[in-house]
2 protein chains.
Amino acid sequence: MIERKTLKDIANDLKLSISTVSKSLSDSYEISESTKKIVKEYAEKHNYVPNKVARTLKTGKTNTIGVIVFNISNTFISQILEGIHKGSQDEKYDIIIMQSRDSIQLEKHAIEVLSMRGIDGLLISPVAFNSNYQQLKDLQDSGIPVVLFDRVNHDLQTHKVGVENQVSAYEATEHLLNSGRKNILHITGKNIGVAEDRLLGFKKCLKDHGLDFDPNLYLECDYSKHDEIEDSIICKLNYLKKTGNMVNAIFGATDDITTLTLGVLAGMNIKVPEEISVIGFSNIRIPNSLNPSLSTVVQPTEEIGLVAFSKLIELVQSKYPVEEFETIELKTKLIPRKSSTL
Amino acid sequence: MIERKTLKDIANDLKLSISTVSKSLSDSYEISESTKKIVKEYAEKHNYVPNKVARTLKTGKTNTIGVIVFNISNTFISQILEGIHKGSQDEKYDIIIMQSRDSIQLEKHAIEVLSMRGIDGLLISPVAFNSNYQQLKDLQDSGIPVVLFDRVNHDLQTHKVGVENQVSAYEATEHLLNSGRKNILHITGKNIGVAEDRLLGFKKCLKDHGLDFDPNLYLECDYSKHDEIEDSIICKLNYLKKTGNMVNAIFGATDDITTLTLGVLAGMNIKVPEEISVIGFSNIRIPNSLNPSLSTVVQPTEEIGLVAFSKLIELVQSKYPVEEFETIELKTKLIPRKSSTL
DNA sequence: TTGTATGCGTTATCAT
DNA sequence: ATGATAACGCATACAA
């Protein structure tokens with residue numbers, strides 16, 4: 001077992017003082033070139049690694065950013081994380097990722113763990129509207145900036161980075177209507193911070209096309225009970241069938257819901273798009289050819305991550321408290337495929 | 001801006017000593033119940049959060065595990081991370097994830113960053129055979145245990161957690177052969193730690209069926225140049241076509257390669273499985289119905305993560321240096337679909 | 001039962 | 001140009 005060298009060790013070995021060694025390694029102008037050279041070479045040779053923990057304790061800066069998402073293995077999320085990661089590498093920040101699994105309790109716990117451990121800033125896609133508002137506010141007040149991404153429907157005053165939910169939903173809906181499908185079931189997540197605007201866009205589009213929104217053609221799934229989503233979709237479809245109100249299109253408001261819906265339809269032996277067209281927010285990355293039955297609203301996930309990260313760093317590095325916050329809405333891309341264009 | 005309270009602050013406010021406060025909060029037997037009560041209530045009220053950085057500096061334990069993977073947004077990897085995360089939550093460990101992007105240089109950097117920051121252990125899926133051997137060895141020697149997962153073909157002496165690569169490849173190959181496809185192109189990654197065994201299984205199966213391995217029907221892609229993989233596949237297929245040696249099946253040795261191959265085939269307008277059957281290692285989670293053309297070898301990703309994590313924690317928490325290491329090979333599942341069963 | 005003092009490895013301030 | 005020393009927040013051995 002080899003112990004790691006500290007400044008003290010090097011100082012002893014070289015018969016120098018700790019501060020001389022420290023300054024040499026940080027290339028201070030106070031130290032002579034010759035001494036610097038000796039110290040640096042010695043450090044290199046014994047591969048000295050500075051203890052970041054000690055440095056953090058001293059400087060108060062952790063060079064770490066906390067990220068809270070509901071599930072890292074979700075395609076959409078992992079693409080955003082990719083963007084965050086890219087940003088972090090340029091800026092020499094480390095990233096600690098925690099999962100909320102769409103539970104307010106776990107989200108709270110994640111915030112606590114991160115705040116204990118010490119972070120310079122927090123990126124969060126909150127579980128629900130105003131979830132853990134007070135904790136996030138306290139964090140901000142203690143000097144740790146917070147930036148919201150993806151699910152930005154939250155009262156916290158800060159930068160928010162998401163997509164044009166309303167517009168995107170409007171366009172997707174219009175696409176369905178234009179292909180002749182007028183009975184559209186809207187499936188969404190309960191209280192998840194993007195649902196509201198997407199529903200608004202959906203409704204607005206119907207209205208603009210002279211159609212009424214039918215509350216029966218609306219299903220809200222509980223994300224915190226993820227396992228039950230499929231069942232509730234099946235249930236809804238069966239109910240509609242039984243009441244002679246079967247739809248000819250489905251609008252999936254999130255990545256998860258869209259994918260699950262397709263699975264359910266396949267399981268029920270309902271042909272897509274012949275019987276039911278499907279359009280949905282989705283970022284699954286598979287070749288078009290593999291996935292002919294799904295028209296998608298694609299979000300610029302990596303960009304969301306990158307932008308959110310850089311807005312956060314802006315706050316972290318700003319010398320004075322920031323008062324003016326931005327809400328950034330990135331554009332999405334509508335990709336029509338066979339599922340909605342018979 | 002509200003400052004966070006420290007032990008010192010509480011001690012001052014309560015006219016107690018720092019150590020009394022410290023001991024109270026850790027429920028020491030030395031402190032009277034009444035004092036403990038006062039301190040705890042005060043701490044709770046001002047929501048005191050212990051400074052983990054300081055604690056780490058003192059105790060030497062970070063309660064953090066480093067994880068190095070080549071790409072977090074890869075489906076396969078993110079599923080493994082999910083498993084690691086699950087394990088870590090039970091054990092109260094935090095996870096720091098770094099990406100190597102299949103570059104030995106970046107992998108080295110990741111190891112350095114993690115070791116600077118302080119971790120109690122490292123989980124790594126190495127870039128290549130013996131990549132950064134010395135750094136990992138040094139880490140081990142300095143008392144930070146390392147566990148390898150996924151790509152376990154590496155000389156480092158430690159626990160290794162992967163799947164039965166040889167057996168899985170054998171079975172997948174046999175599946176192709178049994179469906180009558182004998183001209184199989186094997187596409188794999190160069191030097192990535194799972195390739196070798198999968199190729200061995202492939203060859204063995206051919207041999208057992210009285211077939212020779214044709215070096216022309218073999219393509220090795222360079223993962224560190226990810227963007228070029230598609231081109232090299234296209235190139236290979238064109239070459240085979242030109243030389244009148246066209247295959248009727250493809251074996252994809254990794255998740256990425258398999259997906260890319262399908263994209264390429266679609267782009268070239270080659271019908272799957274009519275013209276070319278495809279079977280591959282793949283963990284993309286989409287309903288069967290969406291993905292009828294791909295037979296897969298599915299790996300127990302979450303289990304890989306969980307097992308790797310628990311083996312690491314075993315090392316982290318063991319009082320004495322461990323000498324006996326295990327190589328764990330989990331079972332995979334072959335899922336035949338239309339792509340290989342005309 | 002409570003308090004004092006020390007050190008973890010840095011950085012930074014102030015001598016020399 | 002180099003060195004001595006204090007401080008970051010906590011845990012802990014030891015003193016009272």
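The shown structure was predicted, so the numbers you read here are calculated from the model rather than taken from an experiment. Every chain is numbered from 1 and lettered A, B, ... according to where its sequence line falls, protein lines coming before strand lines.
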TODO: Run the numbers on K52(A) and D94(A) for salt bridge (charged side-chain N to carboxylate O under 4.0 Å, His left out), then give the verdict.
DONE: CA-CA 12 Å; K52(A) 210 169 175 176; D94(A) 296 344; 3.4 Å; yes
Task: From dC8(D), dT10(C), dC10(D), nucleotide with atom closest to T6(B) side chain - done: dC10(D)
Open item on the list: Tell me whether the rings of Y133(A) and H154(A) are parallel (<30°), tilted (30 to 60°) or perpendicular (>60°).
Closed with: parallel
Open item on the list: Expected output is a numbered-order residue list: members of residues 10-26 of chain B with a heavy atom under 4.0 Å from any atom of DNA chain D. What is it?
Closed with: S19(B), S22(B), K23(B)
Open item on the list: Rounded to whole Å, please give me the gap between NZ in K36(B) and P in dT1(C).
Closed with: 9 Å
TODO: Return the value, rounded to whole Å, for the distance between atom CG of L7(B) and atom C1' of dT4(C).
DONE: 15 Å
- [ ] Provide, to the nearest angstrom, the distance between the CD atom belonging to E30(B) and the C1' atom belonging to dG3(C).
- [x] 11 Å
Open item on the list: How many whole angstroms separate atom CD of E33(A) from atom P of dT2(D)?
Closed with: 11 Å
Task: Phosphate OP1/OP2 of dC10(D): any Y48(B) side-chain N/O under 4.0 Å - done: yes
Task: Close side-chain approach of K40(B) and L25(B), heavy atoms under 4.5 Å - done: yes
Open item on the list: Using the side-chain heavy atoms of R55(B), tell me which of these nucleotides is nearest: dT1(C), dG9(C), dA11(D).
Closed with: dA11(D)
- [ ] Look at K58(B) and dT6(C) and indicate whether a side-chain polar atom (N or O) is within less than 4.0 Å of OP1 or OP2.
- [x] no
Open item on the list: Side-chain N or O of T35(B) versus OP1/OP2 of dT2(C): is the shortest distance under 4.0 Å?
Closed with: yes
TODO: Ignoring hydrogens and angles, state whether a donor on the side chain of E107(A) or S131(A) is under 3.5 Å from an acceptor on the partner side chain.
DONE: yes
- [ ] In whole angstrom, give the distance that lies between atom NZ of K52(B) and atom C1' of dA11(D).
- [x] 16 Å
Task: Test applied, side-chain hydrogen bond (donor to acceptor under 3.5 Å, both in side chains); reference residue, E302(A); option that passes from H85(A), Q79(A), K86(A) - done: K86(A)
- [ ] Rounded to the nearest angstrom, tell me the gap between atom OH in Y29(B) and atom C1' in dT2(C).
- [x] 13 Å
Open item on the list: On the six-membered ring of F76(B), is R151(B) placed so that its NZ or CZ lies under 6.0 angstrom from the centre and within 45° of the ring axis?
Closed with: no
Task: Distance, rounded to the nearest Å, where N63(B) contributes CG and dC10(D) contributes P - done: 16 Å
Open item on the list: Among dA12(C), dT2(D), dC10(D), which nucleotide has an atom closest to any side-chain atom of P50(B)?
Closed with: dC10(D)
TODO: Send over the distance from I38(A) CD1 to dA1(D) C1', rounded to a whole Å.
DONE: 13 Å
Open item on the list: Within a 6.0 Å radius of atom NZ on K137(B), are there more than 12 heavy atoms belonging to other residues, nucleotides or ligands?
Closed with: no
